[in-house]
Structures are given as C-alpha cells and as structure tokens.
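For clarity, every value in this text was computed on a predicted model and none was experimentally measured. Proteins get letters first, then strands, A, B, ... in listed order; numbering begins at 1 in each.
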Amino acid sequence: MTNSAQTIDPALYAAVTDAVRAEARKVLESGAVAAVVGWQAGRRAGTAMPTIVTDPAKAADLIFSPACVNNLALYLTKAKKEVRGKGKIAIVAKGCDLKALVGLMGENQLKREELHIIGVVCAGVQGAAADRSLPLSEATIAGKCRECTVHTPENTDVTVGTLTELPHFTPTESAELARLEAMTPAERWSFWKEHFSRCIRCYACRQVCPFCYCEQCLCDRNRPQAVETTPRPAGNMAWHIVRAMHLAGRCAGCAECERACPMDIPLNLLNRKMARELKELYGHEAGFKPKEKGPLAEYREDDDQSFIK
Amino acid sequence: MTPAKNLLTYSYYPGCSLHASAKEYDESTRGLFKALKIGLQEVPDWLCCGATPAHNVDELLSLSLCAKNLALADGVEGDLAVACAACFSRLKVTQHHLADNDAKRTQVEYAIDGKVNLAKPVKHLLEILAKDFGLDNLAAAVHKPLSGLKVACYYGCLLTRPPDVPQLDCVEAPTIMERVIAAAGAETVDWSHRMECCGANFTLSRPGVVLKLSGDILQSAKRAGAHCLMVACPLCHGNLDIRQKEIEEATGERFDMPVFYMTQLLALAVGVSPSKLGFDSMIVNPLPLLREKGLV
Amino acid sequence: MHAHKENHDFEPKIIAFVCTWCTYAGADLAGTSRMQYPANTRVVKFPCTGRIDPVFILRAFQKGADGVLVSGCHPGDCHYMAGNFHARRRFAAFRALLDFIGVDLQRLQFSWVSAAEGGKWVEVATELTERVRALGPMREFKELEAEEQWSGVIDTPELQEAYNNIP
Amino acid sequence: MSRIGVFVCHCGENISRTVDVEKVAAEAARIPGVAYATDYKYMCSDPGQGLLKKAVAEHKLDGIVVAACSPRMHEKTFRNAAKSAGLNPFLCEMANIREHCSWVHEDREEATEKASAIVEMMVARVKKDRKLVPITVPVTKRALVIGGGIAGIQAALDIADAGHRVVLVEREPSIGGHMAQLSETFPTLDCSQCIMTPKMVDVANHPNITLHTYSEIEAVEGYIGNFQITVRKKARSVIEEKCTGCGVCSAKCPQKKIPNTFDKNLGFRPAIYVPFPQAVPNTPVIDREHCTRFINGKCGVCQKVCGPGAIDYEQEDRLIVEPVGAIVVATGFELYSISEKPKGSPIKGYGEFGHGTIPDVIDGLTFERLASASGPTGGKIIRPSDGKEPKQVVFVQCVGSRAREKGISYCSKICCMYTAKHTMLYKHKVHDGQAYVFFMDARTPGKSYDEFWRRAIEEEEAVYIRGMVSRLYQKGDKVVVMGSDVHVGVQVEIEADLVVLATAVQPRAGADTLAQKLGISYDSYHFYSEAHAKLKPVECATAGIYLAGACQGPKDIPDTVSQASAAAAKVMTLFARDELEREPIVAKVNERNCVACLYCKKVCPYGAVEEKEIRDRQGNLIRVVAYVNPGVCGGCGTCQASCPSKSVELDGYTDEQIMAMIETL
C-alpha cells in the first residue's frame, strides 16, 4: 500500500474492512460479544452508516471507509444504548472515537470490561461537502483529520490496519484558530455573533455528542431558566457558551457537532480552543487511558492564578 | 533502536584555564568528544566568566560577563558544554539569578547591550556523558577498560552547589563522577573528603590554608586506598597536583597521588592516544601508575 | 472624608459573587471600618466560590451587569478546604472561553479577599467600578437581548406599523 | 402569590443617617409579592422582634426580609423570631444595608437606591426559599482510637472513664508506642516506663476498653455518629484467650538472633516474642518472616513447650467490624532515617552524615534505648561498633528539620529538649565523658524547659556549639565531625567516639493511606490537618474525627497528652447527645435526572458523595445515581457547580434562589 503524494490509498481502508469483518465474525461466533457496533455501506454509493450486527453471518456487511464519519461511542450511551443490556459489546473505533469511549469510561458511563474495542487505523474521513467518489485528498478530507494525532488507537482489544506515510495536509483548523486569536475581542464577538445568530437550536450538536448524555439538559430547564430556549441571538449565545463550557476538559475532539450542524457553525473551533487552554494550563489532553478525574474536577495547590487579584 | 550516531552536538565554552594552566583538560575533552563522535564547537570570542573573584567585587560585572558569554553562545548550535567547574557554576548562577530578578536582568542587558539567553541549557561535561550520551553508550565505547585502577572522585565545592542551582546531581552526596568513571571500568573508592574545599584561590594569598585543606583531601583519598584522584576543576587540580610536593613536605607523608582530569581517564579508556592527553604536564607523574596498570 | 459627589454620565451595574466566609466577611469589615467605595456593587452571597457556576456570570451579563466580580478565600484558607481550588480552575477555563467569544475580560474580575481584608475589598470593588465606568455599558449582551431573528425580524414598514400598534 | 414582609431597620442612626429607610420600605411595598413593609428603629430589639412576629400573624406572611445589618450579625436572631412566629426559619433572609451600604456610602440618594436594590434582590430570593428542617443524625456512643501510644492511651482512658465504650487499635503487638522506648523524660527526668506502664495496665484492665493489638484499620465507612470500622487483626499465631504469658515459648525458641526492633536493633530477640517485658498484652507473637517453622516447617518447639496449648500455626488474619460514633486518630510519629531516602518522598537523603554506614552514628531513639535501664545494655552507654564506653559524644540537632533544601522546613520541636536531656543522661553515666552539641537555635519554650536546658550547660558541662555540621566520616575508630562555630567564626573538627543525630520527626509511614481511608486531609509531609489552626486544633475537617498527638505535628509528651484529653473531650461532647443536629445546608441529588457521571463525587472535599443503586422490587438494578450523605456533606456546593445537569442541589443556595437574585439586576 502506498499513498501517492496527494491522496490516501483506498486500499488502506479495504484492508481494515477485511480485518474488521474477520474480527467481528470471530467474536460473534465465539459468543464473546453479543453485538458489534460498526459501520455498513449506506444506500447511496460511497456512503456509510452505523449498524449493529448480532449475527456472525452479517459480519460481512461491516465496512470501513473514508465515509465512516460517525462517532459510534454515541450508540453506547444514548441512541441504541439498550444494546448494552445484551452483554459484552464490540465496537469499532477510530482514534478520535476511542478517545470519546475512554472519556466516557472516566465519567462512569462505560466499563472497559464490558467492551471489546476493535480499534481501526484511520488515515482520515471525508469532510462534509466532499465528493464521495474521490479518494481522500486535500480537497476532500475533514478538517479534524488534517491535524489528527491519533491515527492508531491504543489500549484496544485489537487494532487492525497499518498506517502508511500520509500526505501533508494544511492544518485549516489551527489556522482558523490562530486567525481568531489574532483578532480583537470586538472582532471575535462579531464573528461568533454572526455564526450563533444563524443557530436554529435544532440541538443536532447536542444529539450527536457522546458527552451530552444528561437525562435532562441544563439548557432545557425552566426552573430556573439558565438559558433562553427560543432561537433568538441572546439564547443562542448562551447555549453555545454553556455547551462549550460543559465540554471543556471532556471533549474528545471528534468534531461530530460541527459535522452535524445544519447551519455550518464552526463548533469544533470552540472545542479545540478549550482543549488547548486546558492543555496549556493543566497539561490535560484527551487520550487513550481513562483518567480518574478530568482537569476541571481536580486541582493542584500551585495552579496558575495570575488572573486573580 | 540502534544508538543514534552523530546526533549530539554542543557549543563549547572552555574558559581561561583550559587555554592555559589546564590545557590538558581542554585537549583531553576534545579528544574524548571526537572519539565518542560528539560534536563540539567552541564559542567564538568568549570572555572570562569572572571566576571566583568577580562576584566578590562587583556582582553586576560578574553577571554581565556570564550573560555576554551566554549571548555569544547563542550563535552556536547545541547546548553549552562547560568543562571547568567554576565556569559552570558562574554560568548557572547567572541564569538562576537573572531568571527571577527582572531589575537585575534589565541592568545586565543594558550592560551587554543585548538580550540574555536564560533558556540556553548549560551542561557540565559529566552531565553530557552521563545523561545525554548515556552511561551504557559510554561503556560500549570503552576499548581499554581502566580495570584495577582505584579512583577517588573529587567533586570540590562548585559542581553540585549551591542547592537548586547546578542541578547536576544530589547536592551533598552525588555519584555522577563515580558512575561515569565506573562506566570506563575503573574502581571507585568510598572516601570522606569528596566534597571538601581544596582551598581554592587561597593558593596564592594564604598557601597555608591550601596546604591544610588539600592535605586533608589527599590523606583521606590515600586512607581509602585510592591510586589517584579524578577532578573536574582546574583550580582543584592545581592545588592537589602542583602543591602536592609541598603538602608532603609539610605533613611528612608521601602520597604520590596523580591527579587526573576526568576527561583524561575517559579519553584513555576510549582509546585516545596517551600522547595527546597531556600527561606530561602533570606535576605528579602519572605514567608509573598507568604503566603498572597496563594502561599505557 | 466628605468628598463631594461626582456626577458621571454612566453608572455601571456591578454584581459581586462572593463566598460567605472570606469575602463577604471582608466586605462586612470594610463596613465596620467605615471605608468608602462606589455604590455600584450588588453582592450575592454563596457558601463558597466552589458553588459559583459560570452560568451565573453569563446570566449576570445577560441581565444587564456591566461588570462581574467573583471573590473568595485565598488558596489554603477555604472553609471547605478545596472549594476555591476547584473554582480557580473552573474560572480560568471560563475566562479563556469568554475571551475567545470576544467578551472584554476587563469586565470580569476575580480576587481573593479574606475576612481581614476590608481594605482589599474596597480596592477591588472601586477599581472594577472605575474601570467599567470608563469602558462604558456592556453593550454586547444587551444588544443581543434586544435582537430578534427569524419571524421576529421587523423588516418592512408594514410590520413596523403593526408592531407599533400592539397595545 | 407570595406574602412577603419587609422590615427595614434604622439601626439607631447607623442606617437611617445615609439611607432613607422610609423610602426603602415604601419601594419594597410596591414589589409584587410583598404583602407588608415597614421600618423600625431597632429591629433586633425585643419590640422590633415583636413587631415582626405580630406582622407574620396579622398579614399571614410566608416569607420575611429584614433589611438591617449583616446576616453574620443577626441572621440567627431574626430566624429565631420567625420560628417563634410559626414560620420556617429558613424563610427569613437578611438584606445587608448596613455593612454593605449605609456604612460604606455617604451620598444619601445613592445609598437609598442601593438599599432598595438589595431589598429587591432579597425579596426575589425569599420567594424561592424552601422550608428546611435541621438534619438529625443518631450517634453511636462508642469511640475508636487509632494508635496505642501515649496519645491513644490517654484519649482511650478519658473516654472510657466517662462511661463510653472504646475500641483501641494498635499496629504493634503491644501498646506503649514511642514513650515505652524512652529512658527518662524531660524536664523532670522521671523514668518513662515508670509513668507509662501503669497507664498501659489501666487500658488492659478497663472494662470499657476493647483492645486490638497487632491490628490495623482495614476500611472505614460511614460518617459522624455512624462509622463502620473494619479492623484487620493480624495472625499472631498465639491464641490470646489461652496464653498465660508465662514466656516459656520465647525462652525455648531456638531462633534467637533476630534484631530487636524495639531496641532499635541493638539487641536480639527470638522468633516468638513480646516486644518488651512490660508489654500489654503480655501475649507473644510469632514473627513469621523469621520463624523456622514458617520458613521451612522444621521447628515446632514453642507448640511443644506451651502448656496451655496456645500456639496456633494455622491462625489467619481476622476481620472484625466495629460500629463507632467517633474516631480519635493518634498514629504518632517516626524518626526520619537519614541513611536512606524514603521511596517516593520529596525529602532528600543525608548520605554525607553516614548514618547507616558508620556504626557509631546513631539517632536519638537509639540513644534512648542505650540509656534505658531496661534497654539492651541495661542502661550502660556503649558504642554499637565495639562496645566501648564513648568518652566524647557529639550530638547534632536539626538533622532533617528546618532544612528546606533537604525537603523539610518545619521544626521538629522536641529535639532541643531531648538532646539536652541526652547530654545529662550521658554525663550521669559517664562522668569523665564530654558531650558536644551542634545546634542552630535552642528552642525551649515550655514550663521549666529553659531551666532544664541551662542546667545541661551550666551543671552538666555540655559544650554547645552554635553551627551546622557539614560532614561526618570514619577515621580509624573515631568519627570525625566537621562543623562550624558561627559565634567564633571558625571551622570545628571533633573526633568523636559516638555521634547522636536528632533526626526529624515525621508522621508514621502509611499515614497517607490511613488518611485516605478515613477521608481526612493531610499536608505535604503527611501530617494530618486540623480543621482550624487556632480554633479547631483537635478536630478534623471531616466531622466526627479528632486528632491527638504527633500525627498532627511534632509534639512532646505534655502537649500530646493535653491534645489527647482535648480530643477525648470533643468525643464526650458528641456523645452527650443521642442525636446530632446540624444546619440543613447540604446538597441533595435529584435522582430522576442524575446520570451518575460522578463529577460531584470527584470534587467533593468531604467524600460525602457515594454511588447509590436504584433497584426495582425484584431487586434488579435499574440504574446508579449519586447520593450525598447529609451527615458528611459540608455544604460548600462545589458539587452543584460541577454537575453538568444540575442534578445535585445545595439547599439554601439553589440555582433558583441565585438566579432570582440575578434577575433583579
């Protein structure tokens, strides 16, 4: 398998697909797991969708391709979480998905021993507007994948695939972050105001986030109402600030919120910014090992307090 | 993974002594680093570090001298390697002192008309050998193990002190010299005066003090059964080597204790020709001992 | 001290979220010591800075505060041992977020004021009031409150007239 | 609609001088939900309170705002008044218009406006106030004392004498602790064992004390008044109930060369032993690590010679559960060993002092054993290396203590006095000997302490040299001490026969582990933290747990005993009531919404949050939620601010109350 200078060889994904199918069949046949959460081909060519396979014969339906954008961790805590009642569950996870799984373990939502994690080596997935017939390239790869540091998952039960040398992609998200940081506060305010004003409060970002697993969201409460619920600019601003704050130190960086947003609000910029701040302040990074406490649930006596008078 | 070759490279601040009375320290350092394939590039136009006198007379001057040297070293690639214990101490003290004293720093930067580089890592040769190069790699490079040679490692005052400044090793009970020379196959002795003062520059003003203090050191080394001393400081070397005859006369006790720079012994072990290690400039002739141990 | 009252064009609303053990007591001490400071500050008492949710700060700005002060016990003095340590991290993060959104951080002050620091309370409250007074009203959130979107946009004269005619 | 009463106080003229109180009352009356508003000269006076009570009845008030001074001043007063008027006291709030308003502003208009704003804020709050009922917790009148040194013994005896049951747990085979090792005690030089052993016997004979020696705390559950302690009773291999303490087993044990740790390894003991002759209980224990029977199965002498048949090689550790209502922690100290750097400790070693490598360099406790009449030498001072009587002894103070660069910055407090004592004991036994002491400062505050120290110098001729020691080394059969005399300004070298190091007092190894089990906090050295340095010196921040002795910080015997009695008094205060009542400002979990992310548990400084399983009637687990134990909760509210879904709420400071206040801006 080689990648030409500009594109990522689809063979890489084909090899992973074969290995995922074999592993899924094995663990289903042996009864080691009750179900495998993975992706299967979508109805339209070049697409993929999440699936839950319980029959070893159906293991061949599983695929891994640049269209496998969804973070499947979501399916264990929210949508389809009833599947966990059946027994041990296998789940196919890219590096970014695995960080979400690990985060959920740290938050007492998942137990490592109840999962069989099939890590997949991932060179990247498609961006939202990509032409699905083309291999991954500068033009088609998702923003988050351009600066990915977790191509190869660790601490899995099995990891399939081999990473080859990848083309260099322009780090668009970092560049955008730097651009924003260079602005004056007033400029940043109008940037976000413009974006948030478009928000229609469909809460797709919340639905798709593996960490938004609360039974009742603070923002839906009316006694007291902390955040206005109508899609007016004031409430939108509050919603997005609260959302970013609640994910600070927890977000795994899968960028599903941004992908799911119908109004194209660059939500992952907020997540990325908070992740970087917490790394700089407290050395915290979402990783492959569950942490007992996140950066905002622990402290050191000598934490920075230069901002406090 | 095979050990990386040619990766280590350092800027080098020899200091005045190494260009004069301690020429053999300089020669053996260069020889050793060449043999180990560690890059060493001398900082151009370096100045005196101020040594022990400057800071007693004019603090600003002593800090500025070192600051200037750090600024000069900035132009040369690699961490700054220093051989002389006093230069090492002064450079480290300067960085330590200016790091949390903005007012002083402003003064110094005015004096040297430039920025001070507080971030440039200043490393003693021992640190480079033990930590960067690695003791295993050092041991692997040894052609002629110093077997049978009992060495008393002498640290003197400045290598590890004051606490928190040089951060070379444990302040009062260091082992880095022992570890380095043991990697070259020598045997080290456990002795009491490893960290005592040799009398330093009283050697000119009050030689009596030096005779007493250096005498104690030599006695202690001898008591522990050492064949020789190993040092990392030109001034200590001077007191222990040049004054040894006088000490013998004063105490009536014969020592015959060659005083090596650590690089001389290490270079010998890794196969540098003895003729290039300046053994002839030592007052206490080391050759009988080295011959006896089959090392030359 | 009977300084004459200065008239300012703008008097900011300052809300102070303070812990009951240190800063509230410090503010009490400023009172018993008859120290003087601008009358703009409204104090909301909490058991501990650890109880202060960033949402409160956000809500305060939305409800018209021009400046927010958050103050509690010095590190190590927390009545609950660690509440202020947790708060310190939470606010460091929240501050960074607000900054990134474009909120002027000069309007948000954090401080440690102990029960013995009546003078410091006065200093902190005065400084923030004067700074915010110079900055002028916190327009950003207030303007947002007034803005409508979607069906609420009154963008034709007819709509405007209808809107004006609402009794 | 609520019916709030607002009462604006003039406070004589303290408020009314700058605040137009009538206007404030008038404006308050216009706030929706305010049924009654008035002003009065002294609200806190009897007539003022009467006015309030009368208004509650007349206007059927369901909430009260008293606009007056700081709640820190009179909240209790007015809540009591509200209570006697039949209102839940937590429906009464104070608007602080004195300390926060009239006293700090001079402009009448501004101050009046601010006072009205404060009243409005508090009215908004009161509308969201909920009735709260003080929490009562039953109290188990049984105490646990951890540690059987002088602190634990004193605390146990005091509590037991007051008529309460006490469980005393000691890690070693005998109680007695360090005090049992000492020779004579300062400043009176009375024999330590003479004053200690009667107390040990009292413990053994006290009907209210249950003693578990050779035992450790395995687990701690529960909270003030209601702890469940699991004690691990380590296998002694001797059945306590059968053993008569005749000592034949020890006498006949063929393995006799085991270093005696009680004697600081100066002498030897057999594999089945009592640590010292006056041990309580006088029941031996088999040291399984050294016993031939346990090493290769080839002995069994003790079992054969034991008349009562008390030896049980198969005995296993036992776990005993003890319900108690209060805990006294008295785990004491140990001396810092300078020869080796404790693992994972930030404290740096003292390789240059040669302790552990030079046999004639010993620590203070070893000297105590040498000087003790019941010690391995029978009280004769000799050198460990060759048994000769030392003629020059150098004592070095502050070894490890007050040495920031070595990792300990505190003063160990007892060393100045015990070193002075050592020089005296030495002089009393070796009349022609000379003692030297290197010291930084002599710290001798305490009754008759300075007199004692002066006696060491003036009468017993100890030579005190002010200065530090840099290095010790062996030279022939002497130990050379290199130091400085800063008074004279010279370097000093003394060739000593014996060197005694007063090494730092440290908490017991494992103090941190025990603290984690107990849920109490400790400092960077692992000394346990008291709740308040001045006003709560024996309480832990964790309710129901008290500290005694050196586990909290270095202490001498008198201070230790005082603190132990103080801790005992605290326990008795707690036990004086059948139920404990506390302010209901505690967090509660909304179990319907809680998703058990347990952020609350992670941040709780009190360890008050537990996981709770919700099960259906068949006992099937439905889900797990967080549960806040109201007995343990301190009421800081950090959990609520950390809870993503706000499923935990602090009573008295709910989001609704706070938000309502913010809304009035």
Charged N to carboxylate O under 4.0 angstrom, C/Arg133 versus C/Glu11?
yes
Greatest number of heavy atom pairs closer than 4.5 Å to chain C - which of D/Leu665, D/Ile118, D/Asn14:
D/Leu665
Minimum side-chain heavy-atom gap C/Phe10-C/Pro137 below 4.5 Å:
yes
Quick one: what part of D/Leu650 sits under 4.5 Å from any heavy atom of chain C, side chain, backbone, both or neither?
side chain
Residue selection (most heavy-atom pairs with chain C, distance under 4.5 Å) from D/His100, D/Met661, D/Gln657, D/Glu663:
D/His100
Salt bridge C/Arg139-C/Glu143, side-chain N to carboxylate O under 4.0 Å:
no
Can you tell me which portion of C/Phe17 sits under 4.5 Å from chain D's heavy atoms? Options are side chain, backbone, both or neither.
side chain
Under a 4.5 Å heavy-atom criterion, the part of residues 50-78 of chain C in contact with chain D comprises C/Gly50, C/Arg51, C/Ile52, C/Asp53, C/Val55, C/Phe56, C/Arg59, C/Ala60, C/Lys63, C/Ala65
Regarding D/Arg108 and D/Glu113, does a basic nitrogen lie under 4.0 Å from an acidic carboxylate oxygen?
no
Check: D/Cys69 and D/Met94 side chains under 4.5 Å, non-hydrogen atoms:
yes
Hey, are D/Arg130 and D/Glu649 close enough for a salt bridge, meaning a charged N less than 4.0 Å from a carboxylate O?
yes
Residue D/Lys23 excluded, over 12 heavy atoms near NZ under 6.0 Å
no
Taking atom CH2 of C/Trp21 as the centre, does the number of heavy atoms from other residues, nucleotides or ligands within less than 6.0 Å exceed 12?
no
Ranked by heavy-atom pairs below 4.5 Å to chain C, first place among D/Pro71, D/Ser529, D/Ser102 goes to D/Pro71
How are the rings of C/Tyr37 and D/His105 set to each other: parallel, tilted or perpendicular (split at 30° and 60°)?
perpendicular
Top residue by heavy-atom pair count (under 4.5 Å) with chain D, among C/Ala82, C/Ala25, C/Ala87?
C/Ala25
